[in-house]
Amino acid sequence: MERLSGFESYLLQADSAAAPGHVSALGIYDPAGRHIDFAAIQSYLAARVHRHGMFRRRLATLPLGLGRPFWVDEAQFDIEYHVRHIALPRPRDWTQLCTVVARLHARPLDLTRPLWECYVIEELDNVPGQAAGSFAVLIKVHNAALGGELETELLAALHELSAGSQASAPKERPYFDAAPAVLGLALRNAMAAAALPLELGRYLLAHVAPVLHAGGARAKALAAPACRLNRRLSSHRMVGGATFARAALEALCARAGAGDVHDVVLSLIGGALRRHLRAHMDLPDTSLLAEVALRSAQGPGRRGRANSAGLALHTGVSDPLERLRRISAGTHAARGNARSYLGRRLALDALEFVPTVLLGVAGKALQASVNTSVARVQGPQAPLYFAGSRLAHLFTLPPLRGAVGLAHTVTYYCDEVTIGVSACRNVLPDTARYAAFLNQEFDELLGAA
């Protein structure tokens, strides 16, 4: 039995019907001409659920949310509930795949079971560029189960490094059905509350005091302008994405003489947003503001959460090369000024000391005032295999939070960079057009460079 951290509890409190708090990963696989049997895929996953703790743990809560929940073992684990099988309806193209994935991505997870689901989607007959017999796998995992990040350990748990690799035998350990008495949960929460003053004192001495005495310039405050990206969220989702060769982005970066590959991607997103808002005659005079991951989202969730900051995408700049240079200067300044995101990290860590009933209020106060978000997942640089099939493409679809109706996740896998897009249908009804804008921005930036 493990008590949730303050940040994990906040992620649960932030859940709503219009904004469920799970992240989805969509992989497209090449079976190399072999027939893939769904029962074999279920067996493949069942042999690997021991690799990551989140697969077999669920929540145990106190009535009325009076204390923080606990992670507990699910002894009656049912792989058939979590792994499901569907065929892509006609016309079985990329648009239809995005439509099906959007519906699955929009559905909240069942909080009484382990917080993940997996869908095997077959018959991608007319998806451009895919080998015959290709299939997709969509896995949904609640952010609370991952500590706020799509960890690379999760990808490693589901995949092998070669087509013929076998799963290692699980360590022998019992799984206890987590049906603890309410009194037991209350007692554990009371013991944690009694230790809270001491833990708070240690936290202040170890983390806050050094920051207060540290030097460094303060980050300039930025304000997000009003636009259609920040409408009230509905429960309907649109998903999509664009794919770029990493070598092409690196060459473009070298020719432009500014920034790194991630800066180039941010510039493409800034240009696509400019095109989208101009088409709706809603482009603000001031630049859109994005919550941007400054470094790779890897390792423990706490470390990944710290490395983000509010950055201007310079959507008011028409010259793509100038926009890239300004974004590069902004990200360089943010990376060099640790204090610009250190305060946010400390504020998120401080959720550990907020009473459970107040986590929702405290979390809303911490939500950044931005127009969009750009997360980052650093996948492996070697090919991965799932049930003997090579992972050809990997897209990550982020959740929507607060009043931000459009979110991006940039995923780096092998020689490919994908931009996964998750949007409220009221904000971005046509993700295919938005993906076209991203590709147009790449062509225009290449020409300018």
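Nothing here was measured: the structure is a model prediction, and the numbers come from that model.
In the model, Asp263 has a side-chain atom that pairs as donor or acceptor with a side-chain atom of Thr331 under 3.5 Å. With hydrogens and angles left out, the side-chain atoms of Asp110 and Thr112 include a donor and acceptor closer than 3.5 Å. Counted by atom type alone, Thr411 and Thr396 present one or more donor-acceptor pairs between their side chains at under 3.5 Å. Side-chain atoms of Tyr412 and His262 form a donor-acceptor pair, as typed in the model, at a separation below 3.5 Å.
Ring orientation note: the planes of His408 and Tyr434 are tilted relative to one another, at an angle of 30° to 60°. Between His276 and His280, the angle of the ring planes goes over 60°, which puts this pair in the perpendicular group of the 30/60° scheme.
The distance from the CG atom of Leu268 to the CG atom of Leu249 is 7.0 Å, given to the nearest 0.5 Å. Atom OH of Tyr413 is separated from atom OG1 of Thr243 by 13.0 Å, given to the nearest 0.5 angstrom. Here CH2 of Trp71 is found 9.0 Å from CD of Glu2. Values are rounded to the nearest 0.5 Å. Note that OG of Ser134 is 12.0 Å distant from CG of Leu88, once rounded to the nearest 0.5 Å. Atom-to-atom distance recorded for Leu313:CG and Leu289:CG is 7.5 Å, nearest 0.5 angstrom. With values rounded to the nearest 0.5 angstrom, Arg48 atom CZ is found 15.5 Å from His52 atom NE2.
Panel note: side chain Arg92, backbone Asp125; no donor-acceptor pair is recorded below 3.5 Å. Between the side chain of Asp30 and the backbone N or O of Arg390 there is no donor-acceptor pair closer than 3.5 Å.
At least one side-chain heavy atom of Val265 sits under 4.5 Å from a side-chain heavy atom of Val417. Counting heavy atoms from C-beta outward, Gln130 and Tyr29 have side chains that stay 4.5 Å or more apart.
Between Trp116 and His142, a ring centre-to-centre spacing not shorter than 6.0 Å is recorded. Residues His105 and Tyr119 place their aromatic rings such that the two centres sit no closer than 6.0 Å.
By the 6.0 Å and 45° rule, Arg51 does not stack over the aromatic ring of Phe55.
Salt bridge annotation for Arg56-Glu74: absent, with no cationic side-chain nitrogen under 4.0 angstrom from a carboxylate oxygen.
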